[in-house]
Amino acid sequence: MGERDAELATGLEALLASRGLDGRVEGLSRLSGGASRETYAFDLVAGDRRRPLILQRVRQGAISTGPGIQGEAALLRAADAQGVPVPTVVADDDGTHVGAPALVAERLEGETIARKLLRDDEWAEARRRLVGQAGAALAAVHRIPIADAPPLRDLDLLEEQRELARTLGPPFPAFELALRWLAANRPPGLDHAVVHGDFRLGNLLVDAEGLRGVLDWEIAHLGDPVEDLGWYCVRAWRFGSPLPAGGTGTREELLAAYEAAGGRPVDPEVLRWWELLGTVRWGLICHVQASAHLGGVVRSMELATIGRRVAENEWDVLGLLPGGPLPVADTPTAPDDVALHGRPTARELVEAVREWIEGDVRDATDGRVAFHTRVAANALHMVERELQLGPEQRRRHADGLATLGCDTDEGLAKRIRSGALDDRAEEVREVLGSMVRAKLEVANPRWLLPD
């Protein structure tokens, strides 16, 4: 154990002792953590008893818009009292003992990786149960008395996304169309409740029996509880499964389980409204994450490629709006330009590098480096497709913009936002459909296929 870890272990022992939990810290090891938290696993050993625990500690300089880590500890206790499956909090600290605000909770066993949960045979029984358990867990979350929760931000998610879309660049006309429709068709609020804010696969701990724990309460807030239900149904969290509720069930099953567990009845059309808003939200988050790379805040190949995932959400948004799913047309291809540089063309050179990464490099790596070889190969796939398809796509897009009296995407977004094109809804839908389809033909053609 290094000097810093030894110091942290000593602080943990003092913190836990102050809560009546005497023992020594063993096996302290740092796990992967997010941008705002450091996470450690350890055992508290007292005599022949070994208690597995988790420490979450705020990173230096981290900014939170949620309840803060000590507020999260209070929220977890309130959730536990309502029957939400959560890790039991054993201590929280203002930084006195472990150097930064932190919480300590029991360490539960299970899996969080969505692709494993949705595909591997060992999780088949858990998959069968999960949609009902998710509905019941959300009903319990929304029962938490606001008076028992720590101070939480009161959030109007639609207004937050409208403001974010206005301040980001470049604009996304498909999102502007969705936000305009959402504002004009806003349903009455179901209730005012504690909202988890990020209830989805990846933040749910699952064991062989199903849902074991609801994790990551960092952005909990007050709002309409249907927000959580709609977020759980966003296509991104299905990871290729055809089942819309978290990849493990139908929307009807989710709502039935929610109501059976005491949740208020939810109109399916209201759920769809929140699913649409959640899809816009995730698309804007993808753009924000890519902007961190493009702006030099965090140089990351992974964040860079996430920027191209915005198109997935634009496509889903257009399919959720009135009019339904868009048709998928054949992708026109164009021959490589070999006139000046000859062969191999730029596309063929990229293809050769990509094949080397997918073969020699991937076979020689493991862990996070192996993951990044897949990210790199995927990025090069995008470049190959754009080199081949891009010129014709750009010509067709310029023609489409011209039919609406626009020269740029920014101009189209402004006209949609202002309502100037409200009387040309079908033309707007056709142009946006063609534009987003072209993006996906480059970024992720498989997203165009129905689930």
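On a predicted model such as this, the values are computed, not experimentally measured, just so you know. The basis for the numbers below is simple: all heavy atoms, side chains too, and nothing from hydrogens, waters or symmetry mates.
For residues 9-18, no pair satisfies salt bridge (Lys or Arg N to Asp or Glu O under 4.0 Å), with sequence neighbours left out. Applying the side-chain hydrogen bond (donor to acceptor under 3.5 Å, both in side chains) definition to pairs two or more places apart or across chains, those involving residues 162-171 are Glu159-Arg162, Glu163-Arg166.
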Side-chain donor-acceptor pairs of residues 212-223 under 3.5 Å, sequence neighbours excluded:
residue: Trp217; atom: NE1; partner: Val214; partner atom: O; Å: 3.0
residue: Glu218; atom: OE1; partner: Ser36; partner atom: OG; Å: 2.8
residue: His221; atom: ND1; partner: Ile219; partner atom: O; Å: 2.9
residue: His221; atom: NE2; partner: Glu227; partner atom: OE1; Å: 3.0
residue: His221; atom: NE2; partner: Glu227; partner atom: OE2; Å: 3.2

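Qualifying ring pair (Phe, Tyr, Trp, His ring centres under 6.0 Å) partners for Trp447, counting only residues two or more places apart in sequence or in other chains: none. Every residue meeting the side-chain hydrogen bond (donor to acceptor under 3.5 Å, both in side chains) condition with Glu253, not counting sequence neighbours, appears here in chain and number order: Thr250. For Trp231, the ring pair (Phe, Tyr, Trp, His ring centres under 6.0 Å) criterion is met by Trp237, not counting sequence neighbours.
For the pair Arg153 and Glu160, the salt-bridge criterion is met [side-chain N within less than 4.0 Å of a carboxylate O]. By the 4.0 Å N-to-carboxylate-O rule, Arg4 lies too far from Glu7 to be salt-bridged with it. Contact check on Glu312 versus Arg235 returns no salt bridge, with no Lys/Arg side-chain nitrogen under 4.0 Å from an Asp/Glu carboxylate oxygen. Salt bridge status for Glu259 with Arg264: absent, with no side-chain N to carboxylate O gap under 4.0 Å.
Checked options Phe175, Trp282, Phe172; the residue passing with His287 is Phe172 (criterion: ring-ring contact (aromatic ring centres under 6.0 Å, His included)).
Remark: side-chain polar atoms of Arg238 are paired, donor with acceptor, to backbone N or O of Cys233 under 3.5 angstrom.
Note that the OG1 atom of Thr365 and the CZ atom of Arg362 stand 8.5 Å from one another [nearest 0.5 Å].
Shortest non-hydrogen contact noted between Asp316 and Thr279 is CB-CG2, 3.8 Å.
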